[in-house]
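In what follows, every heavy atom counts, from backbone to side chain, and hydrogens, waters and symmetry copies are set aside. Residue numbers start from 1 in every chain, and the chains themselves are labelled A, B, ... in the order their sequence lines are given, proteins ahead of strands. Just so it is clear, the structure is predicted and the values come from calculations on it, not from any experiment.
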Amino acid sequence: MLKNKTVTFTQRVINAIKSVPRGKVATYGLIALAAGNPRGARQVAWTLHSVTEKEKLPWHRLINSQGKISLPKGGGYETQKELLIEEGVAFDRQDRIDLDRFLWKPRVHRR
DNA sequence: AACCTGACTTCGG
DNA sequence: TCCGAAGCCAGGT
């Protein structure tokens, strides 16, 4: 199997994001962690930009650690919020998502 | 090869 | 709880 370490962090990030189930959300840091790089949160966001269209990833399920949408209003914020609500994710009065209820906990690669 | 940028995270006040 | 500053990683120019 892949002894090939050239498998980029990006590849694993894509895989992790694809694993996020409908109705759940994940933070960038969490994905980064699942991909094996706790410090690569920024890279996760960046990667998302490059492969969302190609891989058709559920980009709207990614939020920041504060439980809020990172996109600016008018820049996708509203779209993301709509999509999440469609999936049953709720927002509180401060536009934050209740992570205790909707945060998806990825399985760390065993072995 | 060096420098810049970003859909982040964490810490301190 | 909110705001600002520093840290980190990889791709783009």
Undergrad: With nearest nucleotide decided by heavy atoms, which residue, A:R39 or A:H60, maps closer to the 5′ end of DNA chain B?
TA: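 So the residue in question is A:H60.
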
Undergrad: Looking only at heavy atoms, which two atoms of A:L103 and A:A26 are closest? And how far apart?
TA: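 Shortest heavy-atom contact: CD1-CA, 3.8 Å.
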
Undergrad: Would you say A:S65 reaches B:dC8's phosphate, i.e. side-chain N/O to OP1/OP2 under 4.0 Å?
TA: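 For B:dC8, OP1/OP2 do not have a side-chain N/O of A:S65 under 4.0 Å.
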
Undergrad: Using every non-hydrogen atom in the two residues, find where A:V89 and A:G23 come nearest and quote the distance to one decimal.
TA: CG2-O, 3.7 Å

Undergrad: Given atom CD of A:E78 and atom P of B:dA7, what is their separation to the nearest angstrom?
TA: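 Atom CD in A:E78 sits about 18 Å away from atom P in B:dA7.
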
Undergrad: Looking at side-chain heavy atoms only, is the closest gap between A:I69 and A:F91 below 4.5 Å?
TA: yes

Undergrad: Can you check nucleotides 1-6 of chain C for protein contacts, nitrogen or oxygen pairs under 3.5 Å, and list what you find?
TA:
from	atom 1	to	atom 2	distance (Å)
C:dC2	OP1	A:Q94	OE1	3.0

Undergrad: If the condition is salt bridge (Lys or Arg N to Asp or Glu O under 4.0 Å), which residues does A:D92 pass it with, not counting sequence neighbours?
TA: A:R96

Undergrad: Quick one: does A:Q11's side chain get under 4.5 Å of A:T8's, heavy atoms only?
TA: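 Yes. Closest side-chain heavy atoms under 4.5 Å.
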
Undergrad: Whole Å only: how far is the CG atom of A:L48 from the P atom of C:dC9?
TA: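 To the nearest whole Å, that distance equals 20 Å.
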
Undergrad: What are the residues of residues 17-30 of chain A, sorted by number, that bring a heavy atom to within less than 4.0 Å of DNA chain B?
TA: A:T27, A:Y28, A:G29

Undergrad: Name all residues meeting the side chain to side chain donor-acceptor pair (under 3.5 Å) criterion together with A:K81; count only those two or more places apart in sequence or in a different chain, and write none if there are none.
TA: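 Side chain to side chain donor-acceptor pair (under 3.5 Å) list for A:K81, sorted by chain: A:D95.
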
Undergrad: How close do A:A32 and A:G40 get, heavy atom to heavy atom, and via which atoms?
TA: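 Heavy atoms only, the tightest pair is CB-C, 3.7 Å.
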
Undergrad: Check side chain to side chain donor-acceptor pair (under 3.5 Å) between A:T10 and all other residues, then give those that pass, not counting sequence neighbours.
TA: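 For A:T10, no residue satisfies side chain to side chain donor-acceptor pair (under 3.5 Å) once neighbours in sequence are set aside.
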
Undergrad: Closest approach to the side chain of A:H49, judged atom by atom: which nucleotide of C:dG7, B:dA7, B:dT9 is it?
TA: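 In terms of side-chain proximity for A:H49, the closest of C:dG7, B:dA7, B:dT9 is B:dA7.
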
Undergrad: When the distance from CG of A:L62 to C1' of B:dA7 is rounded to whole Å, what number comes out?
TA: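 Roughly 8 Å, once rounded to whole Å.
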
Undergrad: Using whole Å, report how far CD1 of A:I31 lies from C1' of B:dT9.
TA: 15 Å

Undergrad: Identify, with sequence neighbours excluded, every residue that meets salt bridge (Lys or Arg N to Asp or Glu O under 4.0 Å) alongside A:R39.
TA: none

Undergrad: Under 4.5 Å between side-chain heavy atoms, counting indirect links through other Ile/Leu/Val/Met/Phe/Trp/Tyr residues: same cluster for A:I14 and A:W46 or not?
TA: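 No; tracing contacts between hydrophobic side chains, which count when under 4.5 Å, never links both residues.
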
Undergrad: I'd like a list of close polar pairs between nucleotides 10-13 of chain C and the protein, N/O only, cut-off under 3.5 Å.
TA:
from	atom 1	to	atom 2	distance (Å)
C:dA10	O4'	A:Q43	OE1	2.7
C:dA10	O4'	A:Q43	NE2	3.1

Undergrad: The criterion is side chain to side chain donor-acceptor pair (under 3.5 Å); which residues satisfy it with A:N37, sequence neighbours excluded?
TA: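 Partners of A:N37 under the side chain to side chain donor-acceptor pair (under 3.5 Å) test: none.
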
Undergrad: Could I get the full list of side chain to side chain contact (heavy atoms under 4.5 Å, CB included) partners for A:P21, not counting sequence neighbours?
TA: A:K24, A:W104

Undergrad: Could you state the CD1-C1' distance from A:I63 to B:dA7, rounded to the nearest angstrom?
TA: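 Atom-to-atom, A:I63 to B:dA7, this comes out as 12 Å.
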
Undergrad: Find the distance A:L33:CG to C:dC8:P and express it as a whole number of Å.
TA: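 The answer, rounded to whole Å, is 17 Å.
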
Undergrad: For DNA chain B, which residues of residues 83-90 of chain A approach it to below 4.0 angstrom with any heavy atom?
TA: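 Within residues 83-90 of chain A, no residue comes under 4.0 Å of DNA chain B.
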
Undergrad: Can you give me every donor-acceptor pair (side chain of residues 55-62 of chain A, partner residue at least two apart or in another chain, under 3.5 Å) with its distance?
TA:
from	atom 1	to	atom 2	distance (Å)
A:E55	OE1	A:K18	NZ	3.1
A:H60	NE2	A:E87	OE2	3.1
A:R61	NE	A:E87	OE1	3.0
A:R61	NE	A:E87	OE2	3.4
A:R61	NH1	A:V20	O	3.0
A:R61	NH2	A:E87	OE2	2.8

Undergrad: Name all residues meeting the side chain to side chain donor-acceptor pair (under 3.5 Å) criterion together with A:E53; count only those two or more places apart in sequence or in a different chain, and write none if there are none.
TA: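 A:E53 satisfies side chain to side chain donor-acceptor pair (under 3.5 Å) with no residue once adjacent residues are dropped.
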
